[in-house]
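I have placed the structure first, in the form of structure tokens, so that the comments after it can refer back to it.
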There are 2 protein chains.
Amino acid sequence: MQDSKQTGDEPSPGLVSTAIQAITQHIRAEGLAPGDLLPSEAAMTRQLNVSRTVVREAFRSLSAMRLIDMSAGRRATVAKLDTGAMSMVIEHGITTQQISVQQVYDVRRTIEMRTVALAALRRTDAEAAAIASSARLMRENFRHPEIVMEHDIAFHEAIAGASHNPVFSLIVTAFSGVTRRTWVIGWRTRSTDEDQLKMIKGHEDIAEAILKGDPRLAAEHMAQHFDKSVKALLDAGIA
Amino acid sequence: MQDSKQTGDEPSPGLVSTAIQAITQHIRAEGLAPGDLLPSEAAMTRQLNVSRTVVREAFRSLSAMRLIDMSAGRRATVAKLDTGAMSMVIEHGITTQQISVQQVYDVRRTIEMRTVALAALRRTDAEAAAIASSARLMRENFRHPEIVMEHDIAFHEAIAGASHNPVFSLIVTAFSGVTRRTWVIGWRTRSTDEDQLKMIKGHEDIAEAILKGDPRLAAEHMAQHFDKSVKALLDAGIA
DNA sequence: CGGGAAAAACCTGTATGACAGGTTGATGTC
DNA sequence: GACATCAACCTGTCATACAGGTTTTTCCCG
């Protein structure tokens with residue numbers, strides 16, 4: 001249990017970990033911003049006095065976490081904030097049954113109760129319009145579950161974006177992958193058109209409350225939405 | 001360089017991404033659990049018909065995200081849920097100034113208002129004792145900021161653990177790294193012993209509410225704690 | 001026959017060299 | 001001075017080699 005120094009400064013066994021730290025350290029020390037160039041693999045090889053193999057595995061690891069961007073011929077650059085790694089962790093937890101879908105929904109509910117309130121307070125007009133637009137597109141395509149789902153996901157991500165806190169966006173987006181795998185199950189429990197449209201109505205209510213700038217009302221609608229969604233999943237027997 | 005252009009199912013960016021997907025896909029398809037063995041690099045090399053370099057970079061990437069565990073001589077195994085990747089993403093956001101400390105605190109507050117309520121409802125006696133113990137150790141060491149900080153962090157992680165939802169634990173733990181970098185700043189704004197002990201008292205109040213099983217009271221104390229912490233950071237000029 | 005040590009078979013960690021192809025900046029021509 | 005061409009860099013992938021670590025097999029000895 002003593003080896004759980006996640007982002008500590010210990011060079012855990014291996015040259016690659018050291019190299020990874022050297023790179024992140026470089027970003028920190030140089031105060032690099034997204035888009036800025038990192039040293040070339042050759043330069044890093046000389047600096048650390050290890051083989052290119054090691055340096056390359058380090059770069060590649062950071063690239064997999066989307067902390068840096070790599071592409072052929074060009075040096076790596078510092079990446080913009082991206083949910084890549086986070087969603088992989090969540091998905092890993094789900095597929096290895098260390099996390100249940102219900103637990104994810106509990107976290108989502110907690111977070112989105114807040115994002116929706118913040119969105120009501122902080123949204124720009126364009127953001128309010130985008131949110132409302134997603135809800136409208138859900139209704140217009142309600143015969144096509146796949147399309148409804150994508151607009152549903154876009155709806156929640158747009159709300160997180162309108163909270164103007166990128167950490168919320170990061171987390172909400174990280175959950176989108178899980179949603180894609182379970183959404184249709186919840187949809188199917190709404191067997192009649194009426195049930196399905198009622199669920200879409202819930203989204204419209206949220207969008208409207210955000211447009212009106214009423215955080216309390218928005219949060220209330222969001223709570224109802226999540227309570228119904230969780231109930232739908234439970235009815236369908238999702239663990 | 002053998003040619004394997006049979007089908008056009010090559011995903012976007014390169015062979016390594018393909019290999020990463022193949023490995024995660026393997027975990028999913030075989031229903032592997034933490035600790036289970038993954039194929040060897042040689043086996044994966046044959047299966048994917050790519051060089052060991054590519055396979056290795058894929059394994060290493062997953063290892064960097066702590067989705068798998070690697071060690072010399074042994075095959076890689078499926079890893080237990082770990083916050084590694086998540087905290088790297090958060091730290092990256094902070095160091096590249098894409099996230100502010102205050103934004104992190106807003107997310108923490110949102111989440112911990114919930115974890116503390118869940119902890120009050122679900123905690124085992126042992127968990128309640130561990131939480132109280134962290135608070136007590138803060139008081140006992142209040143002359144040694146470093147030690148207080150570690151118990152503070154352990155306190156919050158213990159509460160997240162007592163929520164019995166690993167996703168909350170994951171997120172709270174991911175923020176611990178940031179806390180380690182800013183905690184002492186907040187502490188310094190509490191210049192007198194009285195102020196410092198008042199802050200520790202806040203933790204004890206939370207622990208007591210959890211012990212009593214009163215979620216509302218626990219959440220209230222947690223809210224106060226965060227409000228004061230954020231105020232302290234703002235006073236210190238943290239962006 | 002059984003226990004256990006030595007050997008074999010695997011496996012990962014790291015290094016080196018090679019080459020294809022993308023990118024960028026310098027050269028040099030018109 | 002504009003522009004095409006080329007040289008210098010750089011990443012992506014492959015092949016090979018060898019030093020340890022780990023697991024399995026083998027086989028000797030009691």
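Reminder, nothing fancy here: chain letters follow the sequence lines and each chain counts from 1. Not measured: the values here are computed from a predicted model.
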Taking the side chain of [X] as heavy atoms from C-beta outward, which of [options] is closest to it?
| X | options | answer |
| --- | --- | --- |
| Met70(A) | dA15(D), dT12(C), dG12(D) | dG12(D) |
| Arg74(A) | dT11(D), dT24(C), dT12(C) | dT24(C) |
| Glu41(B) | dT13(D), dC10(D), dG13(C) | dG13(C) |

Task: Rounded distance (Å) that lies between atom P of dA17(D) and atom CZ of Arg52(B) - done: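 The distance from CZ of Arg52(B) to P of dA17(D) comes to 13 Å, rounded to the nearest Å.
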Open item on the list: Tell me the interatomic distance from Met44(A), atom CE, to dT11(D), atom C1', rounded to whole angstroms.
Closed with: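 About 15 Å, once rounded to whole Å.
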Is it true that [X] and [Y] have a side-chain N and a carboxylate O under 4.0 angstrom from each other?
| X | Y | result |
| --- | --- | --- |
| Asp69(A) | Arg74(A) | no |
| Glu91(A) | Arg181(A) | yes |
| Arg180(A) | Glu150(A) | yes |

Task: Arg108(B) side chain to Phe175(B) backbone, donor-acceptor under 3.5 Å - done: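 Here the side-chain-to-backbone pair does not exist.
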- [ ] By nearest nucleotide on DNA chain C, pick out whichever of Ser71(B) and Val50(A) is the more 5' one.
- [x]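 The residue whose closest nucleotide sits nearer the 5' end is Ser71(B).
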- [ ] Pick base, sugar-phosphate or nothing for Thr53(A), based on heavy-atom distances below 4.0 Å to the nucleic acid.
- [x]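 Base: the residue Thr53(A), judged by heavy atoms under 4.0 Å, touches a nucleobase.
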Open item on the list: Does anything in residues 54-65 of chain A come within less than 4.0 Å of DNA chain D? Heavy atoms only, and list the residues if so.
Closed with: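 Heavy-atom contacts with DNA chain D come from Arg56(A), Arg60(A).
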Return all side-chain donor-acceptor pairs below 3.5 angstrom for residues 22-31 of chain B, not counting sequence neighbours, or 'none' if the list is empty.
unit_1   : atom_1 : unit_2   : atom_2 : d
Thr24(B) : OG1    : Ile20(B) : O      : 3.3
Thr24(B) : OG1    : Gln21(B) : O      : 3.0

TODO: Measure from NZ or CZ of Arg56(A) to the centre of the six-membered ring of Phe59(A), then state whether that distance is under 6.0 Å and the direction lies within 45° of the axis.
DONE: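 Judged by the rule, Arg56(A) and Phe59(A) form no cation-pi pair.
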